[in-house]
Amino acid sequence: MLLLLPKSFEVKALSERILTWNLQRKSSRAEAIVDAIRRHDPKILCLQEVNGSLLRCLRDAFAEFEFVLENTSESELFSVVGVPNDTLELHSHGGPLHLSERLVLASSRGMFVCSSHVPPATNGPEHKTAHFERLRLIMAEHQDHPFLLAGDFNS
């Protein structure tokens, strides 16, 4: 996880509890995952490799959260950002992503939150390189705001 703060941002404003987790397709352990999330009591969730059935369980268990995801690929796996209801703005991250990329960008209470699943090198190094370049451009576009980057970077 990487947290970038602009020079003018006061660290005391960051009182949010953040949880990032690569769930690696563990829908069979949904109850244990929900319990672990509840124990940590996060205000922002950044999750990677979430499948559809686990996402449904999370939405049912955490009605106080709004979950956003983006999946432009044929995969059944998602990157997910979850924040308290009525605090979320979804942002475009500029242009189509390669089919193997999974990335969601949102903001909550003035902080940009990006959850990303970088494709493994087995998908081809050009895909990984393109994804990291996309992340670099996104961070540069939002350099005047607090920015949280969480993910499975396969590096």
Side-chain angles (χ1 to χ4, degrees), residues 1-4 14 16-85 87-109 111-142 146-155:
M1 180 171 64
L2 173 68
L3 179 62
L4 300 174
L14 244 185
E16 305 291 352
R17 185 181 300 266
I18 301 164
L19 185 140
T20 181
W21 195 355
N22 178 356
L23 294 169
Q24 300 173 327
R25 308 173 178 109
K26 294 181 177 153
S27 61
S28 63
R29 299 184 52 219
E31 189 175 316
I33 290 167
V34 167
D35 289 344
I37 293 172
R38 284 195 198 284
R39 274 194 315 276
H40 290 286
D41 190 29
K43 298 300 177 224
I44 297 174
L45 282 168
C46 295
L47 307 171
Q48 303 83 39
E49 293 194 51
V50 179
N51 65 26
S53 63
L54 181 53
L55 182 61
R56 284 187 292 279
C57 290
L58 292 170
R59 284 182 167 153
D60 290 344
F62 298 98
E64 70 277 16
F65 273 82
E66 183 173 0
F67 290 94
V68 292
L69 59 119
E70 183 153 340
N71 182 9
T72 59
S73 71
E74 299 296 319
S75 173
E76 293 297 319
L77 299 175
F78 305 98
S79 282
V80 176
V81 171
V83 296
N85 289 325
T87 66
L88 182 75
E89 273 184 67
L90 186 60
H91 295 270
S92 168
H93 43 73
L97 296 176
H98 185 275
L99 290 179
S100 65
E101 295 177 347
R102 299 171 192 95
L103 179 148
V104 63
L105 177 65
S107 68
S108 176
R109 300 180 183 137
M111 181 167 69
F112 283 85
V113 180
C114 181
S115 183
S116 175
H117 177 204
V118 179
T122 56
N123 290 7
E126 66 281 358
H127 299 164
K128 184 182 279 283
T129 301
H131 191 92
F132 278 119
E133 178 60 15
R134 171 89 59 206
L135 291 173
R136 186 192 68 74
L137 291 172
I138 290 169
M139 288 188 291
E141 287 172 15
H142 299 93
F147 191 94
L148 170 69
L149 173 61
D152 173 5
F153 299 105
N154 283 302
S155 296

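On a predicted model such as this, the values are computed, not experimentally measured, just so you know.
Side-chain contact between Leu19 and Leu47 is present, with at least one heavy-atom pair separated by less than 4.5 Å. Within the 4.5 Å cutoff, no side-chain heavy atoms of Leu58 are placed close to those of Phe65.
In this structure, NE2 on His117 lies 4.0 Å from CD on Glu49, to the nearest 0.5 angstrom. For the atom pair CZ (Arg38) and CZ (Phe62), the distance works out to 4.5 Å, reported to the nearest 0.5 Å. Interatomic distance, Leu149 CG to Leu135 CG, rounded to the nearest 0.5 Å: 5.5 Å. In this structure, the separation between CZ on Arg29 and CG on Asp35 is 11.0 Å, given to the nearest 0.5 Å. With values rounded to the nearest 0.5 angstrom, Leu55 atom CG is found 10.5 Å from Leu23 atom CG. Between atom OG of residue Ser115 and atom CG of residue Asp152 there is a gap of 9.5 Å, rounded to the nearest 0.5 Å.
Here the shortest heavy-atom pairing between Pro42 and Ile37 reads CD-O, 3.2 Å. Heavy-atom minimum distance, Thr20 versus Gln48: OG1-NE2, 3.5 Å.
Partners of Glu133 under the side-chain contact (heavy atoms from CB on, under 4.5 Å) rule, at least two apart in sequence or in another chain, are Arg136, Leu137. Under the side-chain contact (heavy atoms from CB on, under 4.5 Å) criterion, Arg56 pairs with Ser53, sequence neighbours left out.
Ring geometry for Phe112 against Phe147 counts as parallel: the plane angle stays under 30°, on a 0 to 90° scale with 60° as the upper cut.
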